There are 2 protein chains.
Amino acid sequence: MPQDVRIAIDAMGGDEGPQMVVPGCALFLKRRQDVRFLIFGDESRVRPLIDADPALSAASTLVHTDVAVQMGEKPSQALRKGRRVSSMWMAIEAVKKGDADVAISAGNTGALMAMAKVCLKTMASVERPALAGLWPTQRGRSVVLDLGASIGADAQHLVDLAIMGSAMARIVLGHESPTVGLLNVGVEEIKGIEEVKEAGRILREAHFPNLTYHGFVEGDDLGKGTCDVVVTEGFTGNIALKTAEGTAKQIAQYLREAMGSSFLSKLGYFLARGAFNQLRERMDPRRVNGGVFLGLEGVVIKSHGGTDPVGYSGAIDIGYAMVRQELQAKIRQTMEQSHESRTSAAILAQATAPVPGDSGA
Amino acid sequence: MPQDVRIAIDAMGGDEGPQMVVPGCALFLKRRQDVRFLIFGDESRVRPLIDADPALSAASTLVHTDVAVQMGEKPSQALRKGRRVSSMWMAIEAVKKGDADVAISAGNTGALMAMAKVCLKTMASVERPALAGLWPTQRGRSVVLDLGASIGADAQHLVDLAIMGSAMARIVLGHESPTVGLLNVGVEEIKGIEEVKEAGRILREAHFPNLTYHGFVEGDDLGKGTCDVVVTEGFTGNIALKTAEGTAKQIAQYLREAMGSSFLSKLGYFLARGAFNQLRERMDPRRVNGGVFLGLEGVVIKSHGGTDPVGYSGAIDIGYAMVRQELQAKIRQTMEQSHESRTSAAILAQATAPVPGDSGA
């Protein structure tokens with residue numbers, strides 16, 4: 001019997017705070033009992049919600065703090081006000097101290113990223129951390145990163161993203177060697193920026209373990225699910241994610257307007273409501289809630305701020321899976337092997353390079 | 001009575017070539033008669049199609065060439081093989097020579113861009129040309145650029161894109177001073193790349209004529225239609241466009257699967273088929289077919305290669321409007337006024353700068 005997974009919860013994060021977060025924890029507990037919650041938040045608001053659910057009450061420890069990071073706060077403000085004392089910081093710090101295996105927050109993304117970096121630090125072998133998400137596709141789900149943890153990426157960082165993303169995909173998708181695509185534009189000869197081309201060369205030649213390099217993919221390959229992992233830098237990734245969300249909302253509105261446009265369409269809608277519910281479920285953003293910060297010395301999960309208990313429990317699912325299936329060890333393992341293969345590639349390149357002064361003729 | 005608009009057509013471009021292009025011209029001619037077509041292509045294939053439509057035959061001049069740019073060709077290959085002799089080049093050259101007011105091609109985008117640049121040259125006041133498209137939104141349509149004509153953009157190029165895009169929006173949307181947003185990421189404090197911030201400062205302070213600067217927008221503002229014009233560099237713009245197209249296809253597939261899933265849903269679909277047709281129409285990419293190359297010494301329109309005659313006639317609509325409403329003059333006018341205001345801003349900055357050695361105290 002493995003040890004319980006210890007989950008640190010920022011109860012004050014999200015648009016509705018404890019009212020959404022605590023019932024989300026209770027919901028998760030109905031699916032899995034091998035967990036302990038360490039909950040940080042305002043006792044007067046959180047305690048009654050925990051006590052309303054005996055199972056949750058038995059599985060939880062509540063630590064009081066009356067400092068909460070606000071949704072609109074800048075990361076620097078949040079750090080100034082909330083370092084050491086806010087529910088968000090304390091949840092992350094529980095991971096650092098070894099009191100918890102994973103921290104989950106539905107709070108302010110920028111603040112969470114900043115606090116996680118300051119508190120947990122970046123893995124030695126990783127240049128910068130990344131935010132990865134699950135993207136619903138025609139074939140299932142893909143891991144897409146970076147969704148905006150940092151802006152700009154050199155070739156080496158793109159390769160790090162590929163390695164970290166494939167470690168996450170092994171866990172979430174269950175493939176031993178996930179396929180990885182680099183997001184690029186499709187116009188011949190101006191095929192993308194130099195960094196993307198260089199990252200493609202490295203990935204093609206290095207033969208990293210547990211990673212099958214597919215090549216370049218374009219924006220429409222995200223929805224198709226062409227690859228298990230799609231890698232891009234944070235500016236483009238953030239814009240692609242929000243463009244897709246916006247398009248989905250736009251089409252949902254078109255559909256509502258069309259179905260309400262006549263008596264026959266309303267009747268048709270009524271008869272087909274099972275199918276519409278099925279569609280709504282597939283398009284439900286709660287199904288893929290939970291961004292994973294990768295490349296830190298500890299696992300931190302970002303839930304959507306506007307989600308409900310069902311969506312929040314989905315973010316806990318992801319955190320639970322990352323701990324049980326040892327995300328950190330998988331990243332470290334591939335990183336080390338990749339450093340070895342990069343080093344041997346460098347040695348090989350040196351050994352086979354023409355000696356200066358020797359024309360080779 | 002104004003002069004006829006003279007339209008140069010690359011009959012060999014697109015997945016189906018003349019079979020799609022020539023009927024597209026005939027369809028357009030049913031809507032507007034104040035045009036002349038100058039059609040370039042393989043006479044043996046094109047002539048019979050023109051002659052099948054007496055109105056088109058009367059309004060067209062066919063120039064034979066047996067060289068056609070292939071869809072898969074690299075721009076450099078296309079230029080090598082097709083310069084001066086291909087239907088694509090000759091259509092563009094007709095604009096340069098003053099034989100036509102606009103050139104339209106459904107051919108290879110990269111080749112069209114390369115040939116248009118080489119043949120027409122870039123406007124003196126513009127750093128690099130751009131590809132702009134119409135984006136269907138919840139509120140109507142927006143102009144989005146650059147969709148991939150060039151990769152990377154400094155602040156000045158982003159400002160040029162804003163000016164050129166707003167000139168196009170004045171024509172297409174009919175607003176005298178269109179709102180312009182800069183595409184950016186929403187995470188506080190890492191708000192985007194320096195170039196985007198700098199472009200924002202210039203646009204906010206310069207008060208360009210016929211342009212209302214809105215501020216930063218995010219990916220989901222594209223579908224919402226928050227601004228009349230959305231500006232981004234070509235790498236991100238291309239990925240955003242294809243991500244939105246991919247998402248629309250993905251949801252259409254979800255919808256088909258849901259509607260085919262049971263007897264009741266099939267019956268509902270049958271009853272609501274009018275509404276579904278309405279939805280299909282709103283999502284129809286043919287409605288917004290026609291990318292406009294901006295910043296060249298002449299107007300060139302790119303039609304989707306895979307479109308049908310209806311979509312192709314839509315691309316001609318856009319070309320026609322650009323000529324009739326003097327796109328080039330509108331761009332030049334705003335560019336000149338913008339250069340004046342930039343120059344006076346620079347003079348003002350110099351005049352009010354502290355004199356070296358004068359502490360001002």
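The shown structure was predicted, so the numbers you read here are calculated from the model rather than taken from an experiment. We name chains A, B, ... by the order of the sequence lines, and we start the count at 1 in each one.
- A donor atom on one side chain and an acceptor atom on the other are not found under 3.5 Å apart for Ser142(B) and Asp228(B).
- Of the options Pro75(A), Ser150(A), Pro129(A), a side chain to side chain contact (heavy atoms under 4.5 Å, CB included) to Lys117(A) is made by Pro129(A) and by none of the others.
- Contact tally against chain A (heavy-atom pairs below 4.5 Å) for Phe263(B), Tyr269(B), Phe276(B): the top residue is Phe276(B).
- Each of Ala111(B), Gly234(B), Ser262(B), Ala244(B) has some count of heavy-atom pairs under 4.5 Å with chain A, and the biggest count is that of Ala244(B).
- With a 6.0 Å cutoff to the six-membered ring centre and a 45° limit on the axis angle, Arg273(A) counts as a cation-pi contact of Phe270(A).
- Contact annotation: the side chain of Arg141(B) never approaches that of Thr137(B) to less than 4.5 Å [non-hydrogen atoms, C-beta and beyond].
- Side chains of Val217(A) and Asn184(A) form no contact here, defined as non-hydrogen atoms less than 4.5 Å apart.
- Ranked by non-hydrogen atom pairs under 4.5 Å with chain B, the options Gly260(A), Ala275(A), Ala240(A), Gly274(A) are led by Ala275(A).
- Using a 4.5 Å cut-off between heavy atoms, Leu222(A) touches chain B through its side chain atoms alone.
- The candidate with the highest count of non-hydrogen atom pairs below 4.5 Å against chain B, out of Ala114(A), Gly152(A), Gly223(A), is Gly223(A).
- Each of Gly225(A), Gly237(A), Pro136(A), Ala252(A) has some count of heavy-atom pairs under 4.5 Å with chain B, and the biggest count is that of Pro136(A).
- Using a 4.0 Å cut-off between charged nitrogen and carboxylate oxygen, Arg201(B) and Glu194(B) count as a salt-bridge pair.
- Side chains of Glu233(B) and Thr236(B): a donor on one and an acceptor on the other come within 3.5 Å.
- For the options Lys224(B), Glu245(B), Gln253(B), Lys249(B), heavy-atom pairs under 4.5 Å to chain A are most numerous at Gln253(B).
- If you tally non-hydrogen atom pairs under 4.5 Å between each of Ala258(A), Gly246(A), Ala248(A), Ser261(A) and chain B, the highest count goes to Ala258(A).
- Taking 4.5 Å as the limit, some side-chain heavy atom of Val69(B) sits within range of a side-chain heavy atom of Met115(B).
- Heavy-atom distances place no part of Lys266(B) under 4.5 Å from chain A, backbone and side chain included.
- Contacts between Gln278(A) and chain B at a heavy-atom distance below 4.5 Å involve the side chain alone, from C-beta outward.
- In terms of heavy-atom pairs under 4.5 Å with chain B, the best-connected choice from Asn108(A), Thr243(A), Thr247(A), Asn277(A) is Thr243(A).
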